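Take a look at the structure below.
Residue numbering restarts at 1 for every chain, and letters A, B, ... go by the order of the sequence lines. Because the structure is a prediction, the values reported are computed rather than measured.
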Amino acid sequence: MSKLNKNSSGYIFGFALLVILVCGVLLSVVSGALAEKQYEERELERKKFILKAALGDKMDEVEKPDIAVMYDKRVKESVVNSKGEVVEGLAANTVKLKNEYKKLEKNGSLKAGESINLPVYEVMNEDGSAVDFYVVPTYGFGLWDNIWGYVALQKDLNTINGVVLDHKGETPGLGARITEDKIQKRYSAGKKIFEGDKLVSVTMQKGEGNDYSSDPHAVDGMSGATLTADGVNTMMANYMNLYLSFINAKKS
Amino acid sequence: MGIVENYLNIGIKSIFVDNMIFAYFLGMCSYLAVSKKIGTAVGLGMAVTFVLLITVPLNWLAYNFIIKEGALTWLNNLGVSTNFADFSTVNLEVLKFIIFIAVVAAFVQLTEMVVEKASPALYNALGIFLPLIAVNCSILGAALFLPGKEFAFGESVVYGLGSGIGWFLAVVALAAIREKLSYSNVPRGLRGLGITFITVGLMAFAFLSFIGFKLPFGE
Amino acid sequence: MSTETQAVEAEVKEREPLFSKKNRKLISNPLDADNPITVQVLGVCSALAVTVKLIPTLYMCISVLFVLIFSNVAISLLRNVIPGRIRIIVQLLVVASLVAVVDQVLQAFAYDVSKQLSVFVGLIITNCIIMGRLEAFALANKPGPAFLDAVGNGLGYAVILIPVAFFRELFGSGSLFGFNILGENYPGNGVMMSPVGACIVLGLLIWFQRSRNGYTEEA
């Protein structure tokens, strides 16, 4: 504003270009340098969730570097489709659940002509001789945004051993409570997904503070977050249904 | 569900449930600054609505054709050999802040210039608010919410408009309350900003009741 | 960029004995009498949105402090060469780049927190404190005072955010820094965790601060 040359178009363009160049270089250097670390962090979280669903509280004491080691030692990854057949040549960690989820209809069934990739994580026992738990991911929609999680089934492929749930934008203090251990443990008390041969999943009930220990298909709800709970229920039912062929094949 | 119903649902949701002010507190600075008089509140509210209506779809285009991973695939069709440069793997997420804010700032500046030349009357009514808008969080906020929402283009237009109307409603309502409030006997320290915050809190309380209400046009 | 700013920091250190009364005020004023949030009413959006828990709040304060310091110093260095007409866009660009850096760093080293803060890291760009300080101070002052001014305002921001987060986490979830304080049986308080609680806590805090320092606003 003070000097005339500062307002000439050439000067303005040159200046803008220079600023953009400096900012661009700075950003690409930073993001390039950090890309690997960011990927590691995301992988670490995925591994921790899977192990936590299967092994429960003791994962809280495992140090960060040990998680990856433990995961490599005990978890066998594979990808199946909705018919329960193994999809060859596809790594479980490259399956983007968010994209797979789009292949579902509103009612949870697979869209016509689509084939869905479903990761399966088999958690082996200490010496690696037999499968202890089957961990499967789930993905759905809560009240505000996407929710997802991992469900660990015991060897009988019926009893839920544990779940880990996470969300993108549920209401803090209400729906966001699905990330709390206290809520997730409600699924660990011997809840079952089958009634005889029929898949019925596990449903979070409305209201909180009730005792559902006699019902293997119901867990206590979260007061004030019925809609998030509905989302969790739909997500569980949808995904257990998608894995049904796999489960039946493994059982027989 | 038909396309019109879908648009209506997105509109209603962005006005009432995802209200920029009461659910996310976006654009609070200018919200508090201009809500003393209804007249100015209406002016800024209209300006925000207009800018949101245009910049949200613009940023949608920027996100889906420039920023998103694989969004630049269309460059592959321009005749450059993929051996030379394969654009389908480019991911510019790191630049999203810069691009979004540049789109907003450039649009605001452009509007200011056009309005000044084309309609001095409108410029007098809206013009003074326009510079304020580039740094209004609700504009950038709406853009930053876009990647998570995965709208189609038409939906993003409705979302932009709805968010703007929601902001407009909130600012005019607060201005009306504050005009009344100026006749009340408020404790000294609470006068002005303090009581305004508490008022906004109570208004947000009312808006909380929209959470989870059944959208009228079916799911 | 980084070499430039390092040089500036060295320069500031050399001048430290020159912490004149005026320069000291640059730090102490924003903490109370001229607080960016409670007096100047800037940067309110994030003050309300990220204060549900203490840990994300701390990260937010540090991020804002970082962006504020570097952008204030950078703009102050450029103050004589920035063309007036594209001033705002240049400022936004510098701020947006710094925020993108912060976002990348958080994603790499504090993944959990970056998930919780989500879009609010990006919204530091439109945090009015930053643009306000750039416009009001950095454009007219040397890098040394600009640095002090940034530190003062960054701390002034933290001085308000941390108490708000303290009360919201304590009464909202019965914990502090994630550690349970009020016992397992404390049911939690949804209102404190929602926007409503944020506004009301901030309103009361302003009341407290003003009845202490005697500042009143003409209603």
For the [atom1] atom on [X], are there more than 12 heavy atoms of other groups (residues, nucleotides or ligands in this structure) within a distance under 6.0 Å?
X	atom1	answer
A:Lys102	NZ	yes
C:Trp207	CH2	no
A:Lys76	NZ	no
C:Phe66	CZ	yes
C:Tyr59	OH	no

Output the distance between atom [atom1] ([X]) and atom [atom2] ([Y]), rounded to the nearest 0.5 Å.
X	Y	atom1	atom2	answer
C:Asp112	A:Glu45	CG	CD	6.0 Å
A:Glu41	C:Lys115	CD	NZ	11.0 Å
C:Leu78	A:Phe15	CG	CZ	5.0 Å
C:Tyr111	A:Leu44	OH	CG	10.5 Å

| query | Among A:Ile12, A:Val19, A:Leu18, which residue meets the side-chain contact (heavy atoms from CB on, under 4.5 Å) test with C:Val90? | reply | A:Val19

| Pick one: which of C:Val101, C:Val105, C:Leu106 meets side-chain contact (heavy atoms from CB on, under 4.5 Å) with A:Leu34? | C:Val105

| request: Please assess C:Gln104 against A:Gln38 for the test side chain to side chain donor-acceptor pair (under 3.5 Å), listing each intermediate value before the final yes or no. | output: CA-CA 8 Å; C:Gln104 293 291 314; A:Gln38 289 172 2; 2.8 Å; yes

| Under a 4.5 Å heavy-atom cut-off, does chain C meet the side chain of A:Glu40, its backbone, both or neither? | neither

| remark: Turns out that what part of A:Ile20 lies under 4.5 Å from chain C's heavy atoms comes down to both

